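Quick one: the structure is below, questions incoming.
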Protein chains: 2
Amino acid sequence: MSPRIGLDLPAILQAAVEIADTRGLEEVTLASLAQKLDVRSPSLYNHVNGLSGLRSKLAVHGLEKLLHVMTQAVVGRSGDEAVRELGKAYVAFARAHPGLYDATLRAPDPQDAEVRRLAGETVDLVVRVLRAYELKDDAALHAVRGLRSLLHGFSSLEQRGGFGLPLDLDVSFRLLVDTFLAGLHEMKRRSQAEANPN
Amino acid sequence: MSPRIGLDLPAILQAAVEIADTRGLEEVTLASLAQKLDVRSPSLYNHVNGLSGLRSKLAVHGLEKLLHVMTQAVVGRSGDEAVRELGKAYVAFARAHPGLYDATLRAPDPQDAEVRRLAGETVDLVVRVLRAYELKDDAALHAVRGLRSLLHGFSSLEQRGGFGLPLDLDVSFRLLVDTFLAGLHEMKRRSQAEANPN
DNA sequence: TTATATTAACTAATGACATTAGTTTTTGCA
DNA sequence: TGCAAAAACTAATGTCATTAGTTAATATAA
């Protein structure tokens with residue numbers, strides 16, 4: 001059945017991740033990948049649907065790993081602590097895997113079933129973490145979007161060297177998360193005051 | 001001195017912006033640009049230093065426009081109102097010019113003098129707006145980073161369709177900014193309480 | 001008015017890609 | 001032992017960016 005198996009998907013993905021993280025996502029080409037794997041580039045078509053297929057697989061792989069570290073970060077925790085650890089895990093992942101993180105957000109096809117499934121699971125995870133803040137109705141979902149915006153924004157700008165200031169990045173990040181949490185508490189307070197105006 | 005002037009930098013930039021905003025930044029190639037301008041691609045080298053030069057100019061152009069709309073948004077305003085308008089102007093720009101906004105953040109050379117100058121001016125603008133919160137020392141700069149993270153994160157995810165949820169984006173954004181502002185007020189309160197603990 | 005220098009835009013050529021078609025080769029199983 | 005499946009290959013095509021060298025238009029000086 002199966003003839004010379006030199007390549008397989010895991011090996012291809014690992015090599016692609018290595019290139020992405022060290023040289024940048026744009027450098028992940030079928031040519032560079034084939035060279036690294038000591039193979040001719042058309043051979044890759046037996047495992048992956050061209051460059052765009054590779055990028056899809058890379059995106060899915062990255063989302064899986066990201067969801068995993070986020071999940072690990074919140075088990076056994078709740079409230080502010082859980083959010084803080086979640087945030088730390090998120091930026092740590094982006095720092096450790098800049099290229100893979102990038103791939104995560106440039107899925108050629110956002111309608112891809114796998115991508116949607118993983119995105120959904122990630123949202124669920126964060127919703128559960130934010131449940132502690134007793135946000136009503138859609139507020140929890142809006143808060144998920146907000147938290148994700150802030151995490152992604154920070155990671156993205158950090159990666160692009162978008163912060164020209166000579167200022168400790170970890171301090172900036174901690175303050176940002178703390179400010180968001182303080183705001184969340186305040187919003188909760190307000191909505192409760194509104195619902196129950198002594 | 002000057003022979004047949006069919007092209008000039010403004011025309012080139014305008015065409016590039018059009019392609020970027022309608023088809024995406026990746027579609028801005030010397031080939032597509034030349035076709036749109038009815039010229040052969042090597043001709044572009046007389047005005048721009050190759051593809052990377054074009055991207056640099058595009059980034060600078062985008063930063064200039066972004067700084068301009070941000071500046072217009074805050075004149076005559078202060079405090080929360082100024083921050084809210086600043087935020088609205090930021091996401092409105094990203095929505096109106098998705099490709100150009102993208103170019104803004106993928107400057108091939110973040111060390112480029114023009115890019116650094118504009119980035120500096122933008123930081124200055126936001127610092128002035130945040131002065132109202134009387135943040136001490138570096139806190140103001142950290143807050144600038146935070147605000148920028150959140151604005152960029154939201155815009156970027158919105159563009160990439162990263163929000164799978166069927167939820168009003170404008171509401172999400174307003175809540176995010178409000179949460180940040182509430183947090184900022186709370187942080188200010190805390191630092192004052194600490195400095196002057198009755 | 002004419003000649004020249006300047007320089008924009010051109011053609012031609014090269015090399016890096018992705019991709020497709022068609023061929024070779026390995027290997028599991030009958 | 002032989003055959004079918006499929007992995008990896010070679011060859012070819014087309015799209016890019018980029019460089020070298022050529023042509024041609026025009027502003028200015030004579």
Side-chain angles (χ1 to χ4, degrees), chain A residues 1-61 99-100 102-103 106-109 112, chain B residues 1-61 99-100 102-103 106-109 112:
Chain A
M1 282 273 198
S2 57
R4 35 178 166 162
I5 316 174
L7 289 181
D8 60 352
L9 199 54
I12 289 177
L13 244 48
Q14 190 192 326
V17 169
E18 252 178 69
I19 296 174
D21 286 341
T22 56
R23 292 193 260 155
L25 186 58
E26 331 71 56
E27 296 294 320
V28 178
T29 65
L30 294 185
S32 68
L33 191 54
Q35 187 179 25
K36 189 180 186 80
L37 293 166
D38 203 33
V39 143
R40 306 295 170 154
S41 61
S43 304
L44 296 170
Y45 283 77
N46 286 313
H47 303 271
V48 139
N49 188 14
L51 185 58
S52 69
L54 174 65
R55 292 202 173 128
S56 284
K57 295 229 183 274
L58 214 46
V60 169
H61 184 240
L100 185 56
D102 220 17
R106 288 202 275 189
D109 180 14
D112 180 282
Chain B
M1 280 274 198
S2 57
R4 33 179 166 162
I5 315 174
L7 290 180
D8 59 354
L9 198 54
I12 290 176
L13 244 48
Q14 190 193 326
V17 168
E18 252 177 70
I19 297 174
D21 286 342
T22 56
R23 291 194 260 156
L25 187 57
E26 333 69 55
E27 296 294 320
V28 178
T29 65
L30 293 186
S32 67
L33 191 54
Q35 187 180 24
K36 188 180 187 79
L37 292 167
D38 203 34
V39 144
R40 307 294 170 153
S41 60
S43 304
L44 296 170
Y45 283 78
N46 285 314
H47 302 273
V48 138
N49 187 14
L51 185 59
S52 69
L54 173 65
R55 292 201 173 128
S56 283
K57 296 228 184 274
L58 214 46
V60 168
H61 183 239
L100 186 56
D102 220 16
R106 288 201 277 190
D109 179 14
D112 180 283

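Everything numeric in this text was worked out from a predicted model, so none of it was measured. Here is how names work: the chains are called A, B, and so on, in the same order as the sequence lines, proteins then strands, and each is numbered from 1.
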Nucleotide N/O to protein N/O under 3.5 Å, stretch nucleotides 12-17 of chain C:
none

Exercise. When the distance from CG of A:Asp8 to C1' of D:dA8 is rounded to whole Å, what number comes out?
Worked result: 14 Å

Exercise. Quick one: A:Leu9 CG to D:dA7 P, roughly how many Å, whole number?
Worked result: 12 Å

Seminar exercise, completed: Heavy atoms of A:Leu58 and A:Leu100 approach each other most closely as O-CD1, 3.5 Å

Exercise. C:dC10 P sits how many Å from B:Tyr45 OH, rounded?
Worked result: 14 Å

Exercise. Rounded to the Å, how far apart are A:Ile12 CD1 and D:dA8 P?
Worked result: 8 Å

Exercise. Nearest 0.5 Å, what's the CG-NE2 distance between A:Leu9 and A:His61?
Worked result: 9.0 Å

Exercise. Atom CG of B:Leu54 to atom P of D:dA17: distance rounded to whole Å?
Worked result: 10 Å

Seminar exercise, completed: Atom CG of B:Leu33 and atom C1' of D:dA17 are separated, to the nearest Å, by 13 Å

Exercise. Do B:Leu7 and B:Leu37 have side chains that get closer than 4.5 Å, going by heavy atoms?
Worked result: yes

Problem set entry | A:Ser32 (side chain) donor-acceptor with A:Glu27 (main chain) under 3.5 angstrom | yes

Exercise. Whole-Å distance between C:dT24 C1' and A:Arg40 CZ?
Worked result: 14 Å

Exercise. Is there a side-chain polar atom (N or O) of B:Ser43 under 4.0 Å from OP1 or OP2 of C:dC10?
Worked result: yes

Exercise. More than 12 heavy atoms of other residues, nucleotides or ligands under 6.0 Å from CZ of B:Arg23: is that the case?
Worked result: yes

For this session: Please check if atom CG in B:Asp8 has more than 12 non-hydrogen atoms from other residues, nucleotides or ligands closer than 6.0 Å.
Result: yes

Problem set entry | Flag side-chain contact, heavy atom, 4.5 Å: A:Leu33 against A:Leu44 | yes

Exercise. Rounded to the nearest Å, what distance is computed from the CG atom of residue A:Leu37 to the P atom of nucleotide D:dA8?
Worked result: 10 Å

Exercise. Could a donor-acceptor pair under 3.5 angstrom be found where the side chain of B:Asn46 meets the base of C:dA9?
Worked result: yes

For this session: Considering just the side-chain nitrogens and oxygens of B:His47, establish if one lies under 4.0 Å of OP1 or OP2 belonging to C:dT7.
Result: no

